[in-house]
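The model shown is predicted, which means the values in this text are computed figures rather than measured ones. Here is the naming used below: chain letters follow the sequence lines, and residue numbers restart at 1 for every chain.
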Amino acid sequence: MPSVPQFALVDVNNFYVSCERVFNPKLEGIPLVVLSNNDGCAVARSNEVKSLGVKMGTPWFKMKHFARQHGIVTYSSNYSLYGDMSNRVVATLRTFTPDLEVYSIDESFLRIETVASLYGGAIPMGQQIRQRIRQWTGLPVCVGIAPTKTLAKFANHLAKKHSAFDGVCDLHALTHPERLAWMLRIEVGEIWGIGPKIAQRLHAMGIHTVLDLYRASSKTMRAQFSIVMERIGHELHGIPCLELEDVQPRKQILSSRSFGAPVESLEALREAVASYLATAAEKLRRQQSVAGAVHVLLMTNRFKEHEPQYNPSITIPLNEACDDTLRLTAAALKGLEAIYRSGFYYKKAGVILTLLSDKAQRPVSLFDDATTHKKSEKLMVTLDVINRTFGQGTIRSAACGIEQPWAMRAESRSPRYTTRWDELPAVQ
DNA sequence: TCTGGGGTCCTAGGACCC
DNA sequence: TCTGGGGTCCTAGGACCC
């Protein structure tokens with residue numbers, strides 16, 4: 001049995017952009033961006049857009065003119081579609097091995113050392129993964145393979161950026177001098193866990209490339225930075241410090257949105273907070289947790305420096321932890337009323353469910369009323385089933401409002417092709 | 001006019017205890 | 001003039017990820 005671990009990182013290329021192209025092949029080869037919520041920033045860019053020099057996170061209003069000049073096509077984000085496509089990719093990966101960690105909406109880590117030989121080795125297995133995902137979902141992926149997760153991320157970066165790898169880079173297959181040569185070519189900030197701040201400090205210490213970091217003393221790194229950096233150092237040397245992780249229930253659940261236009265009135269804020277809370281509570285029940293407290297926050301527009309700023313927040317503890325939307329809504333609105341001040345233009349509101357615990361182990365308080373409990377239980381199950389079947393918000397509390405004039409902008413969202421019967425793609 | 005949303009982990013520092 | 005030592009717990013803030 002091989003004793004060296006082999007991690008494979010499978011990552012969809014330009015995920016949101018690729019999802020749009022699956023259902024609209026005319027977009028192939030055309031410069032394309034997908035915008036964040038509220039049509040705020042560019043969060044996904046096709047290769048054509050990347051080579052035009054548009055950076056990740058560029059505010060849309062700043063690039064609108066440039067986009068028109070270069071024929072860039074834009075879409076609002078369509079999370080129903082991306083979430084569903086993501087599930088299909090993961091289901092496809094599970095046909096290769098159950099030993100898998102879903103790391104993000106478009107990335108999964110696999111342990112492949114025990115199964116790679118079934119496919120004729122790691123690289124042929126990587127190629128079959130690419131081929132099968134392309135055939136079953138229409139999405140392009142790249143695969144990085146290495147003895148640690150950090151190196152697998154690095155290998156994936158190489159597979160993406162250098163066509164010589166044909167979409168699959170296995171670091172085991174390179175000689176030691178070849179690996180060092182690649183490390184010399186890549187900037188240290190590309191390494192998983194090295195963000196802009198730490199990259200800057202590393203530069204100041206004369207560490208510019210991955211190779212520089214690879215050669216730095218782990219003692220110095222531990223002293224200058226934290227245990228996280230020491231771990232990165234070990235991982236770069238092929239000593240695994242990170243294992244595949246099981247899905248853990250969230251420790252907090254946040255739901256927040258910027259408004260389509262500034263909001264002043266308490267009434268509108270009440271609707272928004274109630275709506276966000278409904279989303280968060282649905283996620284809470286899905287992971288079978290109960291919340292012990294509700295945190296509510298408001299924000300004014302931080303980019304308008306001349307306008308008065310006010311960013312209050314408050315935590316409302318609950319007498320007993322629960323997952324009931326109506327009771328959580330009451331707590332959230334109580335919090336909102338406590339922090340609301342008139343005379344400000346609010347840009348964003350949010351709720352965070354915290355002090356989460358396993359519902360099955362929920363402590364029963366002295367004042368627990370079994371009848372009320374059962375009713376709430378039934379009501380929430382019914383609510384979730386209806387909303388899952390007929391679409392989010394089909395049944396909601398009256399506090400969420402009807403017109404919702406504060407709702408975010410999404411001016412060019414594609415149809416939810418795979419999750420709504422009335423938006424199925426038509427074939428001509 | 002227009003600038004996203006949802007997470008985790010680590011550390012430092014303060015409160016508090018004996 | 002001169003004011004201990006050792007521990008835990010909690011929180012806020014900062015860093016990172018996608």
Output the pairing pattern of DNA chain C as a dot-bracket string, 5' first, Watson-Crick or G-U wobble with both distances under 3.5 Å, | for cross-strand pairs, [ ] for crossing pairs. ....||||||||||||||
Contacts under 3.5 angstrom, residues 181-204 of chain A side chains, donor-acceptor by atom type, not counting sequence neighbours:
unit_1    : atom_1 : unit_2    : atom_2 : d
Glu187(A) : OE1    : Gly189(A) : N      : 3.2
Glu187(A) : OE2    : His203(A) : NE2    : 3.0
Trp192(A) : NE1    : Tyr103(A) : OH     : 3.1
Arg201(A) : NH2    : Gln224(A) : O      : 2.8
His203(A) : ND1    : Ile207(A) : O      : 3.4
His203(A) : ND1    : His208(A) : ND1    : 3.1

Sorted by chain and number, sequence neighbours left out, side chain to side chain contact (heavy atoms under 4.5 Å, CB included) with Glu48(A) holds for Arg21(A), Pro31(A), Ser46(A)
Check whether any side-chain heavy atom of Pro249(A) lies under 4.5 Å from a side-chain heavy atom of Asp358(A), and answer yes or no. no
Residues at least two apart in sequence or cross-chain that pass side chain to side chain contact (heavy atoms under 4.5 Å, CB included) with Gln69(A), listed by chain then number, are His65(A), Phe66(A)
Side chain to side chain contact (heavy atoms under 4.5 Å, CB included) involving Arg327(A) - partner list, sequence neighbours excluded: Glu320(A), Cys322(A), Asp324(A)
Value in whole Å for how far the C1' atom of dC18(C) lies from CG of Asn156(A): 13 Å
Residues pairing under salt bridge (Lys or Arg N to Asp or Glu O under 4.0 Å) where one sits in residues 398-407 of chain A, two or more places apart or in two chains, turn out to be none
Solution key, residues 129-152 of chain A side-chain donor-acceptor pairs under 3.5 Å, sequence neighbours excluded:
unit_1    : atom_1 : unit_2    : atom_2 : d
Arg130(A) : NE     : Gln127(A) : OE1    : 3.3
Arg130(A) : NH1    : Val141(A) : O      : 2.7
Gln131(A) : NE2    : Gln135(A) : OE1    : 3.4
Arg132(A) : NH1    : Thr95(A)  : OG1    : 2.8
Arg134(A) : NH1    : Gly138(A) : O      : 3.4
Thr137(A) : OG1    : Ile133(A) : O      : 2.7
Thr137(A) : OG1    : Leu139(A) : N      : 3.1
Thr148(A) : OG1    : Leu151(A) : N      : 3.1
Thr148(A) : OG1    : Glu235(A) : O      : 2.9
Lys149(A) : NZ     : Glu101(A) : OE1    : 2.7
Lys149(A) : NZ     : Glu243(A) : O      : 2.9
Thr150(A) : OG1    : Glu235(A) : OE1    : 2.6

Among all residues two or more places apart in sequence or in another chain, which pass the side chain to side chain contact (heavy atoms under 4.5 Å, CB included) test with Pro59(A)? Phe61(A), Lys62(A)
Would you list the atom pairs, donor with acceptor, under 3.5 Å between side chains in residues 410-419 of chain A and any protein atom, with sequence neighbours excluded?
unit_1    : atom_1 : unit_2    : atom_2 : d
Ser414(A) : OG     : Glu20(A)  : OE1    : 2.8
Ser414(A) : OG     : Glu20(A)  : OE2    : 3.1
Ser414(A) : OG     : Asn78(A)  : ND2    : 3.0
Arg416(A) : NE     : Glu423(A) : OE1    : 3.3
Arg416(A) : NE     : Glu423(A) : OE2    : 3.4
Arg416(A) : NH2    : Glu423(A) : OE2    : 2.7
Thr418(A) : OG1    : Asp84(A)  : OD2    : 2.6

Does the protein touch nucleotides 2-11 of chain B at the base, only the backbone, or not at all? Give it as B, S and - per nucleotide, heavy atoms under 4.0 Å. BBSSSSBSSS
Every protein N/O within reach of nucleotides 12-17 of chain C N/O, cut-off under 3.5 Å:
unit_1  : atom_1 : unit_2    : atom_2 : d
dA15(C) : OP2    : Lys197(A) : NZ     : 3.4
dC16(C) : OP1    : Gly195(A) : N      : 3.1
dC16(C) : OP1    : Gly195(A) : O      : 3.0
dC16(C) : OP1    : Pro196(A) : N      : 3.4
dC16(C) : OP1    : Lys197(A) : N      : 3.2
dC16(C) : OP1    : Ile198(A) : N      : 2.9
dC17(C) : OP1    : Gly193(A) : N      : 3.0
dC17(C) : OP1    : Ile194(A) : N      : 3.4
dC17(C) : OP1    : Ile194(A) : O      : 3.4

List in chain and number order the residues that pass side-chain hydrogen bond (donor to acceptor under 3.5 Å, both in side chains) with Arg285(A), two or more places apart in sequence or in another chain; answer none if no residue qualifies. Thr325(A), Asp384(A)
